[in-house]
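A short write-up of the structure that comes next.
Only heavy atoms go into these numbers, but all of them, side chains included; no hydrogens, no water, no symmetry mates. Every chain is numbered from 1 and lettered A, B, ... according to where its sequence line falls, protein lines coming before strand lines.
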There are 2 protein chains.
Amino acid sequence: MSIDMVELRRRFREKQYKVTPQRQKILEVFADHPEEHLSAEDVYSLLRSTAPDIGLATVYRTLEMLEGLAFLHRIEFGDGKSRYELAAGDSSHSHHHLICLSCGTVTEFGDDLLETLESFVSRTTDFQITDHQVKFYGYCGECRKKSGH
Amino acid sequence: MSIDMVELRRRFREKQYKVTPQRQKILEVFADHPEEHLSAEDVYSLLRSTAPDIGLATVYRTLEMLEGLAFLHRIEFGDGKSRYELAAGDSSHSHHHLICLSCGTVTEFGDDLLETLESFVSRTTDFQITDHQVKFYGYCGECRKKSGH
DNA sequence: TTAGCTGCAAATTATTTGCATTCCG
DNA sequence: CGGAATGCAAATAATTTGCAGCTAA
């Protein structure tokens, strides 16, 4: 996956953010690791080889900013650290997470059945939904085989 | 809402946990604050008047234990602290959270449309789901009125 | 009696912030 | 040039842990 630099510059300019090499490198890390849920520390480690001079504080500041610009999605899996993933380009960002209670593995599950629920909520409340997040907890195939859950 | 002490003693005995006054007080706090999402610090503060000698560490340890026993549900709203709420007695624990991006208010939304999605996942993957968590982000009625989102 | 609890203080861990310096636009 | 952004180190904030003294079963 690669980053649309034109779109990036446009969105940055809008908020008068500067396009710095650090920010580009950080986004690249996500582009190079699709389907992964990276913590600030993860990103920092992954940058060690390519750009060893980027500070951890910069990573934190950049992640926060990129989330604000909707380039990244923040997810909390309950392990104490925030994790991020590249937001899908368009609207169909709908994928959910299956979290195994036994081994902790997180797998993706893409689907849009949730749209039904979303529109139902919109219809029955005065809440305007812009985004959603779903997590399923349970036992993955591997673990079920091993322990028979 | 009140706690079923018989059930509690039964579940505690199973894991040989002791029924201490501290643990009871902590559960009472949740019983006295339904529909709220309390952090460890919240619980600790609420106990100040009734049981000023309960330490914060005990609160943390108890919350973790009660989550393990499924007496409590843990939720992360992304504000840096874990929050807990009383798990509904039976299976119909299904209520979701509507999180306002503008004012931060979290409201409950009870529904079970999600069962459909859950059974679909079960059917199409080898993942056995035991629980789920849904969060909707958007703008609440109040804020929409004010800012016209 | 005794394994499990508790309170307290000290230790960790994730994240934030102050500030002098550097750099994009 | 000038306001933003960066790196580093120090500061916070949430949660965890070690330990000696308690207490439920």
Handout entry: Basic-acidic side-chain contact under 4.0 Å: B:Glu76, B:Arg74
Key = yes
Practice task
Establish, with yes or no, whether the OP1 or OP2 oxygen of D:dA25 is under 4.0 angstrom from a side-chain nitrogen or oxygen of B:Lys18.
Solution key: no
Handout entry: side-chain N/O A:Gln22 vs D:dG7 OP1/OP2, d < 4.0 Å
Key = yes
Handout entry: Student check: side-chain heavy atoms of B:Asp42 and B:His33 closer than 4.5 Å
Key = no
Fill in the blank from the handout: Whole-Å distance, B:Asp42 CG to D:dT15 C1', equals 15 Å
Practice task
Answer yes or no: does a side-chain N or O of B:Arg23 lie under 4.0 Å from OP1 or OP2 of C:dC5?
Solution key: yes
Handout entry: Interatomic distance, A:Glu64 CD vs C:dT17 P [rounded to whole Å]
Key = 8 Å
Handout entry: Distance test, side-chain N/O of B:Thr20 to OP1/OP2 of C:dT6, below 4.0 Å
Key = yes
Practice task
Using a cut-off of strictly less than 4.0 Å, decide whether B:Arg61 has a side-chain nitrogen or oxygen near OP1 or OP2 of C:dG4.
Solution key: no
Exercise for the section: Starting at atom OH of A:Tyr17, determine the distance to atom P of D:dG3, rounded to an integer number of angstrom. Expected result: 18 Å
Practice task
Would you mind telling me which residue lines up with the more 5' stretch of DNA chain D, A:Val59 or B:Val19, judged by nearest nucleotide?
Solution key: A:Val59
Practice task
For C:dC24, take OP1 and OP2 only and decide whether either is under 4.0 Å from a side-chain N or O of A:Gln16.
Solution key: no
Completion exercise
Regarding the side chain of A:Ala57, the nearest nucleotide among D:dT6, D:dT15, C:dT17 is C:dT17
Problem - Under-4.0 Å side-chain N/O to phosphate OP1/OP2 contact, A:Ser39 with C:dA14 - result: no
Practice task
Inspect the contact between A:Arg10 and A:Glu7 and indicate whether a charged nitrogen and a carboxylate oxygen are less than 4.0 angstrom apart.
Solution key: yes
Practice task
Determine yes or no for a side-chain-to-main-chain donor-acceptor pair under 3.5 angstrom, with B:Thr58 supplying the side chain and B:Ile54 the backbone.
Solution key: no
Exercise for the section: Output the single nucleotide from C:dA14, D:dT15, C:dT6 whose closest atom is nearest the side chain of A:Lys81. Expected result: C:dA14
Practice task
Using a cut-off of strictly less than 4.0 Å, decide whether B:Tyr60 has a side-chain nitrogen or oxygen near OP1 or OP2 of D:dT15.
Solution key: yes
Practice task
Can you tell me the distance, in whole Å, between the CG atom of B:Leu56 and the P atom of C:dG7?
Solution key: 10 Å
Problem - Spacing between B:Tyr44 atom OH and C:dT6 atom P, to the nearest angstrom - result: 14 Å
Practice task
Identify whether any heavy atom of A:Pro21 sits under 4.0 Å from a base atom; if not, whether one sits that close to sugar-phosphate; answer base, sugar-phosphate or nothing.
Solution key: sugar-phosphate
Handout entry: Heavy-atom check, side chain of A:Arg23 versus side chain of A:Phe12, under 4.5 Å
Key = yes
